[in-house]
Amino acid sequence: MAQKFWLMKSEPDVFSYDDLLKAPSKTTCWEGVRNYQARNLMRDDFQIGDGVLFYHSNSDDAGIYGTATVVKTAYPDHFAFDKKSDYFDEDAFKKQTNPWVMVDIKAQSAFRQAVTRARLQAESRLADMMVLKKGSRLSVQPVSEDHFRIIAQLGGL
DNA sequence: GCCAACGTTGGC
DNA sequence: GCCAACGTTGGC
């Protein structure tokens with residue numbers, strides 16, 4: 001299957017691209033997705049080798065900081081059953097059925113310069129990107145190959 | 001800090 | 001099944 005491309009949002013105060021670079025093997029599990037649309041993308045469409053744009057949301061410095069690659073396809077997000085986790089899902093725990101999954105991603109290339117949200121907005125070729133649409137809250141979004149390449153270029157890769 | 005947009009919940 | 005109320009996201 002052809003390589004696909006994604007944008008994944010993270011609040012840098014919680015987990016930044018820098019944190020990913022510092023993680024063992026520059027790899028992390030992407031726990032805590034609690035939205036069915038985003039889950040379905042990870043569960044059904046993520047393939048090993050897919051490209052990821054790492055986006056910092058809810059920040060004064062919102063934007064894309066680097067790329068990553070999918071190194072493990074969807075598997076159960078056990079944090080949903082972990083009472084000590086911020087991502088504990090009481091409802092799912094009571095039913096003893098866990099609907100949530102996560103994937104593993106590995107840092108690929110840090111951008112030489114971050115591609116800020118303002119920079120994304122200024123680039124007419126990116127005008128129809130989902131992340132730039134008003135009210136776009138989906139934390140895992142599909143990205144076209146063209147957009148991925150344009151952004152990697154803007155990031156200095 | 002404000003608030004618009006969105007997803008979910010629950011009463012009816 | 002409708003929809004108002006609510007909680008959350010995230011840009012500004």
Side-chain angles (χ1 to χ4, degrees), chain A residues 4-23 28-46 50-68 70 73-105 107-108 110-144 146-156:
Chain A
K4 296 194 181 84
F5 300 90
W6 311 100
L7 178 145
M8 296 173 89
K9 293 183 191 172
S10 184
E11 299 193 15
D13 291 347
V14 179
F15 192 83
S16 67
Y17 190 75
D18 221 39
D19 292 328
L20 180 61
L21 290 173
K22 289 180 194 148
T28 189
C29 58
W30 203 257
E31 79 277 15
V33 171
R34 296 292 177 267
N35 167 284
Y36 286 105
Q37 217 180 324
R39 178 209 63 179
N40 291 348
L41 290 172
M42 291 199 299
R43 186 191 60 188
D44 303 334
D45 295 330
F46 270 54
D50 284 357
V52 174
L53 297 170
F54 197 106
Y55 180 86
H56 286 184
S57 66
N58 213 358
S59 156
D60 288 343
D61 304 307
I64 297 168
Y65 283 74
T67 63
V70 176
T73 55
Y75 60 106
D77 179 352
H78 64 268
F79 292 95
F81 280 10
D82 178 353
K83 287 182 176 169
K84 282 176 284 186
S85 167
D86 287 344
Y87 305 117
F88 177 60
D89 181 343
E90 191 166 6
D91 221 44
F93 183 72
K94 277 186 193 153
K95 292 183 196 149
Q96 283 295 303
T97 54
N98 186 356
W100 306 118
V101 300
M102 54 189 177
V103 298
D104 286 359
I105 65 168
Q108 192 171 34
F111 284 172
R112 297 182 59 206
Q113 64 270 351
V115 180
T116 63
R117 187 172 176 84
R119 185 71 188 87
L120 293 169
Q121 286 167 329
E123 176 56 62
S124 61
R125 290 175 295 171
L126 303 175
D128 58 349
M129 273 192 87
M130 188 183 292
V131 75
L132 299 180
K133 301 265 196 285
K134 196 176 177 187
S136 170
R137 288 170 33 174
L138 197 61
S139 64
V140 175
Q141 306 183 353
V143 172
S144 74
D146 277 354
H147 288 170
F148 187 94
R149 295 199 190 294
I150 290 165
I151 291 164
Q153 214 158 43
L154 292 175

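Chain identifiers are assigned alphabetically (A, B, ...) following the order of the sequence lines, protein sequences preceding nucleic acid strands; residue numbering begins at 1 within each chain.
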### Task
Determine the interplanar angle of the A/H56 and A/Y65 rings, folded into 0 to 90°, and report it as parallel if under 30°, tilted if 30 to 60°, perpendicular if over 60°.
parallel
### Task
Check whether any side-chain N or O of A/K134 sits under 4.0 Å from OP1 or OP2 of B/dA4, and answer yes or no.
no
#### Entry: Phosphate OP1/OP2 of C/dC12: any A/R117 side-chain N/O under 4.0 Å
yes
### Query
Atom CD of A/E11 and atom C1' of C/dG10: how far apart are they, to the nearest Å?
8 Å
### Query
So, do A/F88 and A/F81 have ring centers that fall under 6.0 Å from each other?
no
### Query
Want to settle it: does A/N58 or A/D91 sit nearer the 5' end of DNA chain B, counting the closest nucleotide to each?
A/N58
#### Entry: Interatomic distance, A/D86 CG vs C/dT8 C1' [rounded to whole Å]
14 Å
### Test item: A/D89 side-chain N/O and A/A80 main-chain N/O as donor-acceptor pair under 3.5 Å
no
### Query
Looking at B/dC6, B/dG7, B/dA4, which one has an atom nearest to any side-chain atom of A/R137?
B/dC6
## Note on the structure
In whole angstroms, the gap separating C1' of C/dG10 from CE of A/M130 amounts to 16 Å
### Task
Please report, rounded to the nearest Å, how far the P atom of C/dG10 is from the CD atom of A/Q121.
15 Å
### Message
I need the CG-P distance between A/D89 and B/dT8, as an integer number of Å.
### Response
12 Å
### Query
Do any side-chain nitrogens or oxygens of A/Y36 fall under 4.0 Å of OP1 or OP2 in B/dC6?
no
### Query
Rounded to whole angstroms, how far apart are CD on A/Q37 and C1' on B/dT8?
14 Å
### Query
Within this structure, what is the CG-to-C1' distance between A/N35 and B/dC6, rounded to whole angstrom?
10 Å
### Query
Roughly how far, to the nearest 0.5 Å, is CG of A/D77 from CE of A/M42?
7.5 Å
## Note on the structure
note: A/H56, atom NE2; C/dG10, atom P; distance rounded to Å ~ 13 Å
